[in-house]
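Some notes on the structure that comes next.
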Amino acid sequence: MALIEARDVTKAYTMGDQAVHALRGVSLDIEEGEFVAVMGASGSGKSTLMNILGCLDLPTTGEYRLAGESVEQMQPDQLASVRNRRIGFVFQQFNLLPRTTAVENVELPMVYAGVRSQERRARALEALRKVGLADRSTHTPSELSGGQQQRVAIARALVNHPQLILADEPTGALDSQTSEEIMRLLTELNSQGMTIVLVTHEHDIAAWAHRQVTFRDGLILEDKWGSDSNFRRNLAVPN
């Protein structure tokens, strides 16, 4: 089943008296359980696409359905609800509250979702356990390494049980060894059934994904599957 369905999506911005076309008619399907890397140079359209897929922005024209739900005509409060229910976000700069402990940072999405405090704490601690940080739950970001902070951010993304993880350059602020640790964690989450869409400009990071989609000038230049990926073949195997 397609979790993401984009059809002829365009996005244009007005800068002064000029229109800038960030996306020029993009169509893309992503199935449940895929691990997709979106690549491209600065200005290629990959970040604009990520914002639309994450319901942070709306297309100028075209259609976008997330888990069968039509998104392109939604109002801001509806988009916020979809983000909270269906999507977990992981960013390059972690975006953790500096004076707040790891477990309190992970609880934040549940505060917005109206989850009661006792359940919030239990779910946040379980999410930290999943990313290997159960023993760091009371530490603030300044007491954690960069890799540990990104693990907290991943736990925060997981805590509302989303259908989709959107990761925007999640290893961009990390050294190579720590980057590999984060990618192993994302790969493990994907092996458990989580759909992951990753934006990166690094080919070695993209190589962890089943599929690489490359953008240039607001269009998909290439959409290819990794040579060792069984995901596409498995789609055709009957249950």
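We count residues from 1, following the sequence as given.
- Donor-acceptor pairing under 3.5 Å is lacking for the side chains of T138 and T101.
- Identified under the side chain to side chain donor-acceptor pair (under 3.5 Å) test for residues 90-99, with sequence neighbours left out: none.
- The two atoms that bring V159 and A127 nearest to each other are CG2-CB, 4.3 Å, heavy atoms only.
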Start with the C-alpha gap between H21 and T10, add the side-chain angles, then the distance that decides, and say whether side chain to side chain contact (heavy atoms under 4.5 Å, CB included) holds. CA-CA 7 Å; H21 297 277; T10 72; over 6 Å; no

After noting the C-alpha distance and the side-chain angles of L185 and R151, does the key distance pass the side chain to side chain contact (heavy atoms under 4.5 Å, CB included) rule? CA-CA 9 Å; L185 175 58; R151 285 174 178 269; 3.8 Å; yes

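- Although no hydrogens or angles enter the test, the distance criterion places no donor-acceptor pair under 3.5 Å between the side chain of Q149 and the main chain of F94.
- Remark: K46 NZ to I220 CD1 distance equals 14.0 Å, nearest 0.5 Å.
- For residues 159-173, every residue pair satisfying the side chain to side chain donor-acceptor pair (under 3.5 Å) rule, not counting sequence neighbours, is listed here: N84-N160, R86-Q163, R123-N160, E169-H201.
- A distance-only check finds no donor-acceptor pair linking the side chain of Q192 to the backbone of L189 [under 3.5 Å].
- Applying the side-chain contact (heavy atoms from CB on, under 4.5 Å) rule to A124 yields the partners V103, V106, E107, M110; only residues at least two apart in sequence or on another chain are considered.
- At least one donor-acceptor pair under 3.5 Å links the side chain of R24 to the backbone N or O of D217.
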Determine whether L198 and M183 satisfy the following criterion, side chain to side chain contact (heavy atoms under 4.5 Å, CB included), listing intermediate values before the conclusion. CA-CA 10 Å; L198 165 79; M183 293 310 300; 3.8 Å; yes

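- A search for side-chain contact (heavy atoms from CB on, under 4.5 Å) contacts involving D29 returns E5, R7, not counting sequence neighbours.
- No donor-acceptor pair closer than 3.5 Å links the side chain of Y64 to the backbone N or O of L58.
- Residues satisfying the salt bridge (charged side-chain N to carboxylate O under 4.0 Å, His left out) test with E188, not counting sequence neighbours, are none.
- Looking at every heavy atom in both residues, D8 comes nearest to S27 through N-OG, 2.9 Å.
- Under the rule for a side-chain contact (heavy atoms from CB on, under 4.5 Å), Q73 has no partner lying at least two apart in sequence or in another chain.
- The shortest heavy-atom contact between L166 and G54 is CD1-CA, 3.2 Å.
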Using side chain to side chain contact (heavy atoms under 4.5 Å, CB included), reason through R211 and E31 one step at a time and then give a plain yes or no. CA-CA 11 Å; R211 177 181 173 195; E31 303 289 330; over 6 Å; no

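- Side chain of Q150 to main chain of P170: a donor-acceptor pair is present (N/O by atom type, distance under 3.5 Å, no hydrogens or angles).
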